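Only one structure is covered here, and it is reproduced in the block below.
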Amino acid sequence: MLCDLIIKGKYVLPMDDELSIIKDGFVAVSENKICAVGAGDEIKNYQAKEIIDAGKAIVMPGLINCHTHAAMAYFRGLADDLPLNDWLFNHIFPAEAKFVNEEFVRKSGALSCLEMIKSGTTCFNDMYFFGQEFLAEIVEKAGLRAVLGLDLKTPGYTVERVVELAKQFKDNELVKIALAPHSVYVCPRDVLEKVKQAAGAENLRVHIHVSETKKEVEDCKQARGKTPVEYLDELGLLAPATMAAHSVWLDDNDLKIYKDRGVKAAHCPISNMKLASGAAPLAKMLELEIPVGLGTDGAASNNTQDLFMEMRGCALMHKLASLNPAVVSARQAVKMATIDGAKVLGREKEIGSLEIGKEADIITINLNKPHLAPLYDSYSHLVYCAGGSDVENVVVNGRVIMKNRQVKTLDENKILREAERFNLQH
Ligand SMILES: [Zn+2]
């Protein structure tokens, strides 16, 4: 069979239900879809226009970042070591008001896209208050997959505008548009009601920050006599198409509501640790089979877009928080960054694993490194040893967008030069 691309490597991790490990395996791609996953001599049945022999490498699905703000890359390291409220209201919101415009979104967004490609992320779920139509152009140029949401706190960026944008991008292979009301503490009730209406009428996904800090929950209880989850449920906003970022301060009733309504969650361990927001009840969510993916959050609160750090942070955070080393295994963390992330975005039939018929989003990790030798278990290395800089090749939608760490779709030097030149003092 003639295909377009074959990727070979020492260990193929398809992230199928069995979490199998295929030794000396390969993945074949025809147009934008996976047409074969196999091992050894089977490869003789396939010819391809391009063959990437990754050698001593792990071949796996591209990583999925379930919660970020890509345009915030230029705010990396701007304000650190502060609690969320001080950080957000006294540093980030003022900086955004001062600097963010179309050019900012394009350049800073390109920096995030570059960083994501170079650390193995192939799909991301984004929220921002401005300019997602400009970011969409950058994402398409980068060749990444993304769901872009507007957080509805900017005049002009209304629910109607989001609906209009979503129609514009309906048939786009890489970019989808979502409703992304920032949170219950930023969006007024009438905006949230409109979101609920539009989500149902237009079949759009909803992406919202929920119960990130103790303060958010306490303020909401004081103002409305309800937790943010109870309040959102009263508004009818909790549904299978809703993804709640953070979800740190959930009580048992909140968790039950998530389960009953089919809500998905994006867990952001590094951001939650850095802002000292708290440890999400991940073990309980997993026990209830609530789909949970991983998110980096924006570069101002993490400060990278590297999902390898997120996998490790997730595993370590919950072991420490529960004083139980068996909590969040390496396999669980890799699932969260791949197939479970796809479930969180409602895309598990398209992406998140290397299976025939799925869209070809594939990465390879070079194992020929001192910190990755010897190797007893690929999952263990991915979570406890590897970093984004070990990613060697990246394929999205069947297209090779990074080969031997050379990004083919974006001008890396130009993006870095522009980032260097950007000076917040001016
Ligand atoms: Zn966020």
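Count residues from 1 along the sequence. Each ligand, and each atom within it, is numbered from 1 in the order the structure gives. Being a predicted model, the structure only gives us computed values, none of them experimental.
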query = Using the benzene-type ring in the case of Trp, are the ring centres of His67 and His207 under 6.0 Å apart?
reply = yes

query = Does the gap between the ring centers of Tyr157 and Phe130 come in under 6.0 Å?
reply = yes

Side-chain donor-acceptor pair present, Thr227, Asp254, cut-off under 3.5 Å = yes

query = Going by atom types alone, do Asn172 and Glu140 pair a side-chain donor with an acceptor below 3.5 Å?
reply = yes

query = What is the total of protein N/O/S atoms that are closer to the Zn ion (ligand 1) than 2.8 Å?
reply = 4

query = Mind checking what makes side-chain contact (heavy atoms from CB on, under 4.5 Å) contact with Ala70, not counting sequence neighbours?
reply = Ser112, Met116, Phe124, Asp126, Leu135

inquiry  = Any donor-acceptor pair under 3.5 Å linking the side-chain atoms of Thr242 with those of Lys264?
reply    = no

